[in-house]
Each structure stands twice: as C-alpha cells, then as structure tokens.
Amino acid sequence: MPVPRISKEELKQRLESGAPPVLIDARLKYPYEHSTVKLPGAIRIGHGASAGPFPRDREIVVYDSDPNELASSNVAAALIRQGCRAVTLKAASATGSRRTCPLKPKRRPGRRPLSLAH
C-alpha cells in the first residue's frame with residue numbers, strides 16, 4: 001500500500017501549527033537504542049509491536065532511520081488500514097544530520113538522569 005510522505009520542512013510547519021500531528025518513532029532497535037535524541041512527544045513503537053489505538057481525527061507522522069523508510073512505511077500502512085490519517089517522514093529520520101525539526105534528549109531505559117548536585 002503506498003503511504004503518503006512529507007518532508008522535514010513540512011513536519012516542522014505542522015508541529016508549529018495549532019493542531020500538531022501525533023509523532024511515532026518507528027526506528028529499529030539498534031538505531032533507537034544508540035541514538036540520544038528523538039522528536040519531542042514521539043511515541044515509540046518497536047519492530048513487531050502493535051500500532052494503536054491512535055486518534056483518527058489527527059494526522060500521524062511516523063519516522064525511522066532507514067533511508068528507504070521501510071519500518072515507518074509498514075507502521076503507517078497499518079495505521080491507514082485502521083482508518084487513521086498517517087504519513088511517513090521522507091529521507092529517513094528527523095534526527096539525521098541535516099535536521100530542521102526540534103529534537104529532545106532521550107532517556108535511556110533503566111538510567112536515571114544525571115545530577116550535577118553533590
């Protein structure tokens with residue numbers, strides 16, 4: 001099933017709008033675990049996890065780190081089959097080197113935030 005795609009610039013505009021999309025991080029395990037950032041508010045869906053339930057009245061933007069967008073396309077296609085308005089982010093992840101989207105540090109599971117107080 002063909003999945004609509006948007007650019008990083010289009011995502012940035014949508015994030016700044018009055019009705020920002022739901023963000024889904026569909027990166028595979030290794031790229032996700034070795035990254036220190038994610039898009040703010042992104043919901044993590046790992047490989048093989050079920051997608052949903054998600055709102056049908058808001059756009060959903062799915063991203064991954066694959067230049068061919070395989071993981072994000074599969075998740076978006078599943079959401080479309082469920083009746084959601086889903087798109088993928090073009091040209092791999094928003095966390096790439098020429099980013100235009102805001103990023104947020106990602107906490108690693110099982111680790112507490114560092115404290116500078118003694």
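Contact of the E16 side chain with the K12 side chain is registered, since non-hydrogen atoms from C-beta on lie closer than 4.5 Å. Contact of the L15 side chain with the P21 side chain is registered, since non-hydrogen atoms from C-beta on lie closer than 4.5 Å. Within the 4.5 Å cutoff, no side-chain heavy atoms of L70 are placed close to those of L28.
What you find for V3 and A76 is that their closest heavy atoms are CG1-CB, 3.5 Å. Between C84 and P55, the closest heavy-atom pair is SG-O, 4.0 Å. Between A26 and V62, the shortest heavy-atom contact is CB-CG1, 3.7 Å. Of all heavy-atom pairs spanning S65 and P31, the tightest one is OG-CB, 3.2 Å.
Side-chain atoms of D64 come within 3.5 Å of backbone atoms of S72 as a donor-acceptor pair (strictly under, hydrogens ignored). Between the side chain of Y63 and the backbone N or O of L39 there is at least one donor-acceptor pair closer than 3.5 Å. In terms of modelled atom types and a separation under 3.5 Å, the side chain of S73 and the main chain of E69 share a donor-acceptor contact.
For the atom pair NE2 (H34) and NZ (K29), the distance works out to 10.0 Å, reported to the nearest 0.5 Å. Here the straight-line distance linking atom CZ of R44 with atom CZ of R27 works out to 7.0 Å at 0.5 Å rounding. To the nearest 0.5 angstrom, R14 atom CZ is 13.0 Å from R58 atom CZ. Between the NZ atom in K90 and the CG atom in L11 there is a gap of 12.0 Å [rounded to 0.5 Å]. Separation of atoms CD (Q82) and CD1 (I60) is listed at 8.5 Å; rounding is to 0.5 Å.
Among residues two or more places apart in sequence or in another chain, the salt bridge (charged side-chain N to carboxylate O under 4.0 Å, His left out) test is passed with R85 by none.
The only option from I24, N74, I45 that meets the side chain to side chain contact (heavy atoms under 4.5 Å, CB included) definition with L79 turns out to be I24.
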